[in-house]
Amino acid sequence: MKSSSIFKISRRNALKTLVAGSALFTIPAIVAKETYSDRKYNHKIDYKGHHQAGVITKEQKNVSFVTFNVTANSLDELKDLFKIITNRIAYLTQPQKLPVNSNDKMPPFESGMLGEHLDPDSLTVTVSLGSSLFDSRFGLKHLKPRHLVAMTSFPNDRLDSDWCGGDIALQICANSPESVVYALRDILQHTSLYLAPHWKIDGFLPSRDIDHKSTPVNLFGFKDGTGNAPADNTDLMNELVWVTDSDKEPTWCRGGSYQAVRLIRFNLEFWDRTPLEDQENDFGRHKVTGAPLGMKHEHDSPEYEKDPHGDRILFNSHMRRAEPRNPERYTAKLRRRSYSYSLGINESGMLDMGLIFISYQKNLKTGFINTQKRLNGEPLERYIKPFGGGYYFVLPGVINDGEYLGEVLFTT
């Protein structure tokens, strides 16, 4: 009798526990569903404006950087190419009801990756030109931007020609990989007569950092881009990024910008065995907070004037070499917009991961090149090996419907 009662009570308690447990297990599923449904893919960024989007635009989570060699045979075909690219950008950056193919004997009109609807997903496509486009093929040599040259090696580089240069470069950014891939496939489908892909690399930023509107952390675990000039400061952007009327550039360049791209492989296995003190000294910042060494907050001034001998922040540190703040705050005349990459495993069985460094500047020499010269020989070179990239010029934007990117180049 007693044991029977215990059994009944135990069974009753067990059932209560199961019910309670089931309720607990269902809560995360509901929360996850609500979180997913709150995700918005319909945010659009206007591709029109005096400047192209994707230069000082807030970073999206994903990027494909793709370069091409132009196979057009005439100046008229080159113009047609830029008209097509502009039309595709206009289409892809707007919400669309995707076309349905009613003839199953023909290929579909588009890839089908996104189902029935195209949501912009904060897509930007930024078009830039390499110095090789200004050779003798199209008679554009006299219009080449003053500082546009092919990228040459710095002392720590091991440049691979398969990963360098290109006549035209596209930086395609969005907040999901599928939006980036969809846009790239669409553009390739419509431009295959005039373009041949040269090299491509995909990049990403930490979703947590983008969602929380905090500075992205790179694969070394340090915040990347803390020292960027604020994009909403128009005067500062005109001083650092955009070619203006006061610059001695061809007229068509006004509103454009020089783009420096560096593909930098990280030796992560070596880095992960390096003591924290050495890591922080190499960067000049605390790893967790991003604050300058000896400070508490990410955006605190490093107060170099109070550290004249480099006892707190070493003279060899990355931040002090890149941005010595002497004689002025923005010594590095550029704005960076970089991404991490992952290419798998290399021949030595090590992670092939690193940084797609991208910077924009109104003058390639006073921007990236001079900054990189200050960095030559920095301690971080033990952990990095640049292997590709290039210098490009970002076309000015288009303002009105019917205009196309590059039109100012052909009408000058």
Side-chain angles (χ1 to χ4, degrees), residues 28-66 83-102 108-128 170-191 200 202-216 225 230-232 337-340 356 358 360 394-395 397-405:
I30 294 172
V31 172
K33 185 175 181 181
E34 288 175 351
T35 302
Y36 177 80
S37 66
D38 288 342
R39 175 69 191 273
K40 304 296 183 185
Y41 295 91
N42 58 2
H43 180 257
K44 60 183 180 180
I45 297 173
D46 194 352
Y47 79 97
K48 290 187 291 186
H50 184 55
H51 312 294
Q52 281 196 72
V55 176
I56 62 172
T57 305
K58 184 65 178 174
E59 292 88 343
Q60 302 96 317
K61 295 178 181 178
N62 300 91
V63 67
S64 275
F65 196 91
V66 195
K83 290 176 183 177
I84 293 169
I85 291 175
T86 306
N87 287 337
R88 298 324 300 165
I89 294 173
Y91 176 85
L92 292 164
T93 53
Q94 299 290 324
Q96 306 288 348
K97 169 74 173 174
L98 294 174
V100 176
N101 189 8
S102 57
F109 294 117
E110 48 83 43
S111 66
M113 281 184 61
L114 302 181
E116 298 179 354
H117 298 278
L118 168 62
D119 293 319
D121 197 18
S122 300
L123 179 75
T124 59
V125 182
T126 309
V127 184
S128 54
L170 299 182
Q171 175 192 274
I172 305 173
C173 299
N175 276 327
S176 65
E178 62 268 26
S179 295
V180 172
V181 173
Y182 184 92
L184 174 59
R185 290 177 66 182
D186 179 278
I187 292 171
L188 286 174
Q189 180 182 354
H190 288 86
T191 60
K200 168 184 175 289
D202 299 327
F204 61 92
L205 291 176
S207 293
R208 293 168 179 79
D209 296 335
I210 300 301
D211 289 342
H212 294 147
K213 297 180 170 56
S214 59
T215 305
D232 58 358
R337 199 175 191 277
S338 302
Y339 286 80
S340 297
I356 310 170
I358 305 173
Y360 294 96
V394 177
L395 289 167
V398 296
I399 298 173
N400 301 312
D401 292 334
E403 297 177 348
Y404 63 92
L405 292 168

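Position 1 is the first residue of the sequence; numbering continues from there. Just so we're clear, the structure is a prediction, and the values are computed from it rather than from any experiment.
- No side-chain heavy atom of Ile89 sits under 4.5 Å from any side-chain heavy atom of Leu123.
- Under the side-chain hydrogen bond (donor to acceptor under 3.5 Å, both in side chains) criterion, Gln52 pairs with no residue at all, not counting sequence neighbours.
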Could you walk me through whether Thr191 and Ile85 pass side chain to side chain contact (heavy atoms under 4.5 Å, CB included), step by step?
CA-CA 7 Å; Thr191 60; Ile85 291 175; 4.0 Å; yes
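- Looking at residues two or more places apart in sequence or on another chain, you find a salt bridge (Lys or Arg N to Asp or Glu O under 4.0 Å) between Asp401 and Lys48.
- Residues passing the salt bridge (Lys or Arg N to Asp or Glu O under 4.0 Å) test with Lys200, sequence neighbours excluded: Asp202.
- Between Val180 and Ser64, the closest heavy-atom pair is CG1-OG, 3.4 Å.
- Under the side-chain hydrogen bond (donor to acceptor under 3.5 Å, both in side chains) criterion, Asp211 pairs with Lys61, not counting sequence neighbours.
- Here the straight-line distance linking atom CG of Leu188 with atom CG of Leu170 works out to 8.5 Å at 0.5 Å rounding.
- Using a 4.5 Å cut-off on side-chain heavy atoms (C-beta onward), Ile210 and Pro216 make contact.
- Annotation: side chain of Ile45 is in contact with side chain of Thr57 (closest heavy-atom distance under 4.5 Å).
- Screening residues 85-96 for salt bridge (charged side-chain N to carboxylate O under 4.0 Å, His left out) gives Arg88-Asp186 as the qualifying pairs, with residues at least two apart or on separate chains.
- Put simply, CG on Asn175 and CD on Glu59 are 11.0 Å apart, with the number rounded to the nearest 0.5 Å.
- Legend: residues meeting side chain to side chain contact (heavy atoms under 4.5 Å, CB included) with Ala231, ordered by chain and number and at least two apart, are Ile56, Arg335.
- Evaluation of the side chain to side chain contact (heavy atoms under 4.5 Å, CB included) rule for Lys97 yields Glu116, His117 as partners, not counting sequence neighbours.
- Inter-residue side-chain proximity for Ile358 and Phe65 is flagged as met; some heavy-atom pair is nearer than 4.5 Å.
- Looking at every heavy atom in both residues, Tyr360 comes nearest to Gly54 through OH-O, 3.9 Å.
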Steps toward side-chain hydrogen bond (donor to acceptor under 3.5 Å, both in side chains) verdict (Ser128, Gln171):
CA-CA 8 Å; Ser128 54; Gln171 175 192 274; over 6 Å; no
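- One distance of note links CD of Glu178 with CZ of Arg185; it measures 12.5 Å at 0.5 Å rounding.
- Atom OH of Tyr182 sits about 9.0 Å away from atom CE of Met113, to the nearest 0.5 Å.
- With sequence neighbours left out, Pro95 forms a side chain to side chain contact (heavy atoms under 4.5 Å, CB included) with Lys44, Pro120.
- In this structure, CG in Leu92 is found 10.0 Å from OG in Ser179, a value given to the nearest 0.5 Å.
- Interatomic distance, Ile356 CD1 to Tyr339 OH, rounded to the nearest 0.5 Å: 9.0 Å.
- Applying the side-chain hydrogen bond (donor to acceptor under 3.5 Å, both in side chains) criterion to His43, with sequence neighbours excluded, gives Ser122.
- Partners of Tyr47 by side-chain hydrogen bond (donor to acceptor under 3.5 Å, both in side chains), not counting sequence neighbours: none found.
- Side-chain contact between Val55 and Arg337: absent, with no pair of heavy atoms (C-beta onward) separated by less than 4.5 Å.
- Looking at every heavy atom in both residues, Gln60 comes nearest to Ala174 through CB-O, 3.3 Å.
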Dump the intermediate steps for side chain to side chain contact (heavy atoms under 4.5 Å, CB included) on Val125 and Ile187, then the final yes or no.
CA-CA 10 Å; Val125 182; Ile187 292 171; 4.1 Å; yes
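- Contact check for Thr124 versus Thr93: no side-chain heavy atoms found under the 4.5 Å cut-off.
- For the pair Val66 and Leu184, the minimum side-chain heavy-atom distance is below 4.5 Å.
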Going through the checks in order, is the side chain to side chain contact (heavy atoms under 4.5 Å, CB included) test met by Leu98 and Phe109?
CA-CA 9 Å; Leu98 294 174; Phe109 294 117; over 6 Å; no
Does the side chain to side chain contact (heavy atoms under 4.5 Å, CB included) test come out yes or no for Val394 and Thr126, once each step is laid out?
CA-CA 7 Å; Val394 177; Thr126 309; 3.8 Å; yes
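- In this structure Asn400 satisfies the side chain to side chain contact (heavy atoms under 4.5 Å, CB included) test together with Glu403, sequence neighbours excluded.
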